Amino acid sequence: MTKRAVVVFLALFFLAAPAAFAVGTAKLKGVDIKDNSVQFNIDGPFTYTIYKADPYRVIVELPGVDPGAFTGTHASKSSGLTQINISAEKGATKAEIILANPSDVKPLYKKGRFVLNVLPIATAAASPAVSNTTGQAQTAAEAGARTGVGNAAAPALKPEKLAPATYISSISLKRENGNVKLVLTGNGAINPGVFSLPGRIVVDVPKVRLKAALPAVMIQPVRDIRTGSYSDKVRVVLDTTRNTKYDVLTKGDTLTLTMAAPARAEVPAAEEVAKPAAAPSASAPVTAQAPAAPKGQQRISLDFQNADIVPIFMLLGEVSGYNMVVHPSVHGTITLKLKDVPWEQALNILLDTFGLGKRVDGNVMTIAPLSQFATWDKEKQSLEEAEASTEPVVQSVIRLSYAQAADITSAIINAKLLSNRGNITQDIRTNSLIIKDTPTQIAKIEKLVKIMDVAQKQVMIEAQIVEVSSSYAKSLGIQWGGTANFGGFSNGTGGQGAQFSVNTPVLAAGPTAGTAVAPFSGASFFLGTANALSLQISLNALETVGKSRSLANPRVLTLDNQAASIQQGTSIPVQTTSASGTSTQFVNANLNLQVTPRITPDGYVLLKVTAANDSLGDLTPQGYAINRKNVTTQALVKDGETLVLGGIYTDSRSTTDTGVPFLSKIPLLNLFFKDRTETGPNPQELLILITPKIVKADQS
């Protein structure tokens with residue numbers, strides 16, 4: 001049996017060993033923490049598995065071992081270890097060991113004692129075990145420990161020392177026990193590094209060349225295998241159909257990467273696809289397949305100790321999908337540990353740490369010192385100025401259709417589109433621009449004019465001015481009236497007649513006594529007899545209610561962002577006298593409405609409204625007073641909707657007393673000789689309704 005066959009046989013034997021023990025046959029009796037080591041005392045047969053989660057954390061699983069009273073956190077005051085967290089998990093004892101420094105570990109087994117020694121990275125490099133953030137690592141010493149299945153101690157197998165590999169001799173892919181395995185073999189000891197990216201698993205083998213052909217058949221979840229040769233390593237990239245968990249076992253000259261095969265329902269019909277074998281290339285390194293567009297929020301975990309920053313930038317380029325260009329002056333090393341952060345945040349941390357900047361052009365990202373970007377910009381500006389100085393000066397006339405020449409001229413000057421040799425002239429008569437400058441600058445000016453010289457949108461402002469008023473009057477009191485017939489004065493009929501009235505229209509006495517006349521909305525009484533004094537008493541109780549509404553509906557069309565004004569009212573002449581004589585001025589007492597619309601990109605109209613309602617007031621020695629009422633507001637209204645302004649309103653009340661002289665002044669008796677009329681309240685409110693409508697191009 002060959003040496004390689006012996007190693008493979010032992011590995012398979014010890015990996016299968018845990019199945020021989022029943023759960024609960026052993027118990028943890030003690031945990032002893034010392035400098036750079038921890039010892040677990042177990043009173044029965046056991047097996048163990050070691051996972052290197054990251055350089056600061058090691059996980060030890062002891063299947064079938066009861067943790068007993070040692071569950072919990074054990075703080076360490078010894079060097080090399082920070083703490084140990086012990087828990088029971090699915091019939092096993094799980095110990096999470098937190099290291100004080102990035103280190104590797106070496107297990108030892110002797111008479112029920114399991115010792116884990118902490119080794120510095122430099123010392124651990126001699127060990128054939130390699131682990132990654134998601135995989136499992138096992139050494140040949142572990143395999144020897146797995147033979148200790150009884151109370152007797154089994155001697156640990158010492159791994160055979162191999163010379164470092166100089167090339168990779170074979171790469172194979174196979175299905176085994178429901179898993180898919182990638183087996184990579186060298187011509188000596190290999191010390192690979194393994195890490196994962198979204199949809200990819202990357203294996204880097206340092207200081208070797210590639211002399212192996214790629215597998216001809218791909219097995220799910222492996223979609224493709226690519227290789228590339230660098231100056232210091234060979235990289236093998238596994239493109240997977242999804243993010244795949246994996247374990248890594250390195251022994252001597254062989255690396256075995258084990259992936260869980262997908263469920264049969266997830267496997268495509270053509271699960272195993274033949275791929276032509278490609279000859280290895282030592283010239284062109286393999287780069288990860290970039291996605292169609294850079295990824296915005298792809299997350300990444302990084303763990304580096306004294307690592308060169310340039311490869312880290314290349315790694316971020318693969319994750320983000322950008323083509324990465326790093327300036328030759330960028331150099332330095334960094335130690336960092338980032339877990340599940342956006343790639344942009346990791347990139348910015350590196351840039352800030354080393355005073356670097358980035359510039360993105362399409363899907364190409366350039367990394368360089370900040371001073372270098374400033375130098376590039378200055379050189380580019382100098383080059384443009386030099387090119388502009390050699391360009392000929394030409395003349396161009398630009399005829400404007402909608403914009404004013406003065407407005408476009410101001411925009412060109414403010415944008416600094418004219419070169420040092422250029423000038424611009426306005427022709428107001430034809431609304432044109434006459435420009436003398438280089439062809440490059442004229443092209444920029446024409447581009448600006450094309451954007452600005454467009455038809456301005458219009459808005460139809462429809463206003464409804466509504467004045468709502470109501471009047472009310474009430475009259476209470478007694479009104480006297482009647483006739484007198486004096487028989488002692490001859491008037492051709494044997495008597496003289498006369499009529500009188502107090503506070504009422506004259507009432508004619510009826511020809512027959514007892515006739516009642518009621519011209520008012522009240523009660524009337526007739527007193528007296530024929531040929532005698534006839535009196536009529538009217539009880540006046542009258543109410544009058546009136547309502548009125550006056551409407552105006554002006555419309556005006558205006559340009560976007562231009563004020564429209566509507567006025568309605570009178571101008572009142574006012575005379576003023578001075579030493580130079582008398583002059584007449586007219587003062588407006590108008591209803592004035594001013595609206596400025598501005599169309600927003602989402603189809604709304606921002607209205608700036610000023611409404612004033614001035615009316616004629618009382619007469620003063622200096623002339624008539626002007627009553628002023630106004631309101632100013634801004635509102636956002638949807639196209640075609642109505643804005644309502646209100647609250648401009650007045651109220652008036654008045655009381656009028658009439659009565660018989662002297663008698664209306666006598667207390668108590670005056671109630672029968674006076675009449676009172678109350679007018680009001682007479683409220684008046686002005687309502688303004690404004691409806692903006694954006695005029696479409698085919699409606700203007």
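The first residue in the sequence is number 1, and the count goes up from there. What's counted below: heavy atoms across the whole structure, side chains too, no hydrogens, waters or symmetry copies. Computed from a predicted model, the values in this text were never measured in an experiment.
Remark: the backbone N or O of Val115 is not paired with any side-chain donor or acceptor of Gln39 at under 3.5 angstrom. The backbone N or O of Asn85 sits nowhere less than 3.5 Å from a side-chain atom of Thr73 that would complete a donor-acceptor pair. In this structure a side-chain-to-backbone donor-acceptor pair under 3.5 Å is present from Thr600 to Tyr604. With hydrogens and angles disregarded, no donor-acceptor distance shorter than 3.5 Å links the side chain of Arg113 to the backbone of Asn41. Within the 3.5 Å criterion, the main-chain N or O of Lys457 finds no donor-acceptor partner in the side chain of Asp560. Thr254 contributes no side-chain N or O that, together with a main-chain N or O of Thr185, makes up a donor-acceptor pair within less than 3.5 Å. Side-chain atoms of Ser301 come within 3.5 Å of backbone atoms of Asp340 as a donor-acceptor pair (strictly under, hydrogens ignored).
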Take Thr258 and Asn179 through the test side-chain hydrogen bond (donor to acceptor under 3.5 Å, both in side chains) and record every step on the way to the result.
CA-CA 7 Å; Thr258 304; Asn179 295 323; 5.9 Å; no
Give the intermediate values and the outcome of side-chain contact (heavy atoms from CB on, under 4.5 Å) for residues Met324 and Val364.
CA-CA 6 Å; Met324 196 70 68; Val364 177; over 6 Å; no
Does the side-chain hydrogen bond (donor to acceptor under 3.5 Å, both in side chains) test come out yes or no for Thr166 and Asn187, once each step is laid out?
CA-CA 7 Å; Thr166 58; Asn187 67 334; 2.8 Å; yes
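Contact check for Phe313 versus Leu356: side-chain heavy atoms found under the 4.5 Å cut-off. Between Thr93 and Phe40 there is no side-chain heavy-atom pair separated by less than 4.5 Å. Residues Asp239 and Val222 have side chains not in contact (no heavy-atom distance under 4.5 Å, counting atoms from C-beta outward). Within the 4.5 Å cutoff, the side chain of Leu418 has heavy atoms near those of the Ile412 side chain. At least one side-chain heavy atom of Ile225 sits less than 4.5 Å from a side-chain heavy atom of Leu182. Contact of the Met365 side chain with the Asn323 side chain is not registered, since no non-hydrogen atoms from C-beta on lie closer than 4.5 Å. Counting heavy atoms from C-beta outward, Val205 and Ile168 have side chains that approach closer than 4.5 Å. Side-chain atoms of Ile84 and Leu81, non-hydrogen and from C-beta on, do get closer than 4.5 Å to each other.
For the pair Val118 and Gly80, the tightest heavy-atom approach, listed with the atom from each and the gap, is CG1-O, 4.2 Å. When all heavy atoms of Leu255 and Pro192 are compared, the pair lying nearest together is CD1-CG, 3.0 Å. The heavy-atom pair separating Leu162 from Asp253 by the smallest distance is CD1-N, 3.8 Å. The two residues Thr335 and Asn306 come nearest to each other via the heavy atoms OG1-N, 2.8 Å. Nearest heavy atom pair, residue Gly357 against residue Leu351, reads O-CD2, 4.1 Å. For the pair Lys450 and Val454, the tightest heavy-atom approach, listed with the atom from each and the gap, is O-CG1, 3.9 Å.
One distance of note links CG of Asp639 with CG of Asp602; it measures 11.0 Å at 0.5 Å rounding.
Contacts of Asp377 classified as salt bridge (charged side-chain N to carboxylate O under 4.0 Å, His left out), with partners at least two apart in sequence or in another chain: Arg359. With sequence neighbours left out, the salt bridge (charged side-chain N to carboxylate O under 4.0 Å, His left out) criterion links Lys34 to Asp32.
Ion pairing between Lys181 and Glu176 holds under the 4.0 Å rule for side-chain N and carboxylate O. Taking the charged nitrogens against the carboxylate oxygens, Asp232 and Lys207 have no contact shorter than 4.0 Å, which rules out a salt bridge.
Other residues, nucleotides and ligands place no more than 12 heavy atoms under 6.0 Å from the CG atom of Asn420.
Residue pairs that meet the ring pair (Phe, Tyr, Trp, His ring centres under 6.0 Å) test with at least one member in residues 366-387, sequence neighbours left out, are His327-Trp376, Phe373-Trp376.
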